[in-house]
Amino acid sequence: MFAEVRKSLYNAQSKSKISIVLNVLIVIMVIALIIEISFGINYTGYYVVHSSMNPTLTGAETYEQEGGDYVYVNKKAKPTYGDIVVVSKDKDTTIIKRVIALGGDCVILDKGVLKIKYKGSEEFVIVEEPYVAPENNTANSKNTYPKNDLEKGHTVADGAMFLLGDNRDVSVDSRDSGDFPLTSLYGVVTNWSLKNKKFLTGLHTYFKFQLPKYFGFK
């Protein structure tokens, strides 16, 4: 009789432990799901293509080829000077560039030297750009803007951004497409993803390109 009671208690304890473990697992999964949903609302990944942001970011030749950096953008952040942003160029195309000036600022690019007269100011100041490599800023014709009135400069429209790529010799940006309205903003590249781009890029490359190849999908 005592043996049966002990056996019954043992079974009850075992079931209780299993129940606790299952409940803990359920709680962990729910928390993970909430975090994932919250993260997805605020952030999204972006795969860099083309060389317009070299050397800050490396781009693949196409979205279907590996070799590009992978970063995250904050979809709710407000852009400011020096931020790298992703904007919608048209309904089907997004591009990644750097914020150089905002509405009301006046911009001059004189043979690669950036000068800005900030909104409310009376004088142009030369802007240091450590992110632009000298070898990517040699095409004086392309790197002179605006060509029609260099002394006066270009005044950025209110509610807009003047964007340039870090690789000035090849980038197609506001020099070609004009100002980008703030409504075209897709997101601001996060500092934490820039600092950890090597790890994030390696992770993305593995799951996007290498793993499918291993199983014969590509």
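- Applying the 6.0 Å contact sphere to CZ of Phe199 captures no more than 12 heavy atoms from other residues, nucleotides or ligands.
- Looking only at side-chain heavy atoms (C-beta outward), Val85 and Phe180 stay at 4.5 Å or farther from each other.
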*Test side chain to side chain contact (heavy atoms under 4.5 Å, CB included) on His204 and Asp69 and set out the steps.*
CA-CA 9 Å; His204 174 77; Asp69 285 332; over 6 Å; no
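- With Tyr47 contributing its side chain and Gly68 its backbone, the two residues share a donor-acceptor pair below 3.5 Å.
- Residues passing the side chain to side chain donor-acceptor pair (under 3.5 Å) test with Asn74, sequence neighbours excluded: none.
- Residues Val127 and Tyr81 form no side-chain contact, since every pair of their non-hydrogen atoms from C-beta on lies 4.5 Å or further apart.
- Rounded to the nearest 0.5 angstrom, Thr80 OG1 and Met161 CE are separated by 11.5 Å.
- For residues 43-54, there are no salt bridge (charged side-chain N to carboxylate O under 4.0 Å, His left out) pairs, not counting sequence neighbours.
- Under a 3.5 Å cut-off, the side chain of Lys142 and the backbone N or O of Ser171 do form a donor-acceptor pair.
- Legend: residues meeting side chain to side chain donor-acceptor pair (under 3.5 Å) with Ser193, ordered by chain and number and at least two apart, are Thr190.
- The aromatic rings of Tyr145 and Phe162 sit tilted, their planes meeting at an angle between 30° and 60°.
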Check: residues 148-159 side-chain donor-acceptor pairs under 3.5 Å, at least two apart:
residue: Asp149; atom: OD1; partner: Lys152; partner atom: N; Å: 3.3
residue: His154; atom: NE2; partner: Asp179; partner atom: OD1; Å: 2.9
residue: His154; atom: NE2; partner: Asp179; partner atom: OD2; Å: 3.3

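- Atom CG of Asn140 has more than 12 heavy atoms from other residues, nucleotides or ligands within 6.0 Å.
- The distance from atom OG1 of Thr205 to atom OH of Tyr70, rounded to the nearest 0.5 Å, is 10.5 Å.
- Applying the side chain to side chain contact (heavy atoms under 4.5 Å, CB included) rule to His50 yields no partners; only residues at least two apart in sequence or on another chain are considered.
- Considering only residues two or more places apart in sequence or on other chains, Tyr206 meets the side chain to side chain contact (heavy atoms under 4.5 Å, CB included) condition with Gln210, Leu211.
- Between the side chain of Asn136 and the main chain of Ala133, no donor-acceptor pair closer than 3.5 Å is present.
- With sequence neighbours excluded, the residues that form a salt bridge (Lys or Arg N to Asp or Glu O under 4.0 Å) with Asp173 are Arg175.
- Screening residues 82-98 for salt bridge (charged side-chain N to carboxylate O under 4.0 Å, His left out), with sequence neighbours left out, gives Arg98-Asp166.
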Only distances under 3.5 Å count here; give the side-chain donor-acceptor pairs of residues 110-126 to other protein atoms, sequence neighbours excluded, each with its distance to 0.1 Å.
residue: Ser121; atom: OG; partner: Glu123; partner atom: N; Å: 3.3
residue: Ser121; atom: OG; partner: Glu123; partner atom: O; Å: 3.4

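- Under the side chain to side chain donor-acceptor pair (under 3.5 Å) criterion, Thr138 pairs with Asp169, not counting sequence neighbours.
- Gln65 is linked by a side chain to side chain contact (heavy atoms under 4.5 Å, CB included) to Glu61, Thr62, counting only residues two or more places apart in sequence or in another chain.
- Partners of Val132 under the side chain to side chain contact (heavy atoms under 4.5 Å, CB included) rule, at least two apart in sequence or in another chain, are Glu129, Asn137, Arg168.
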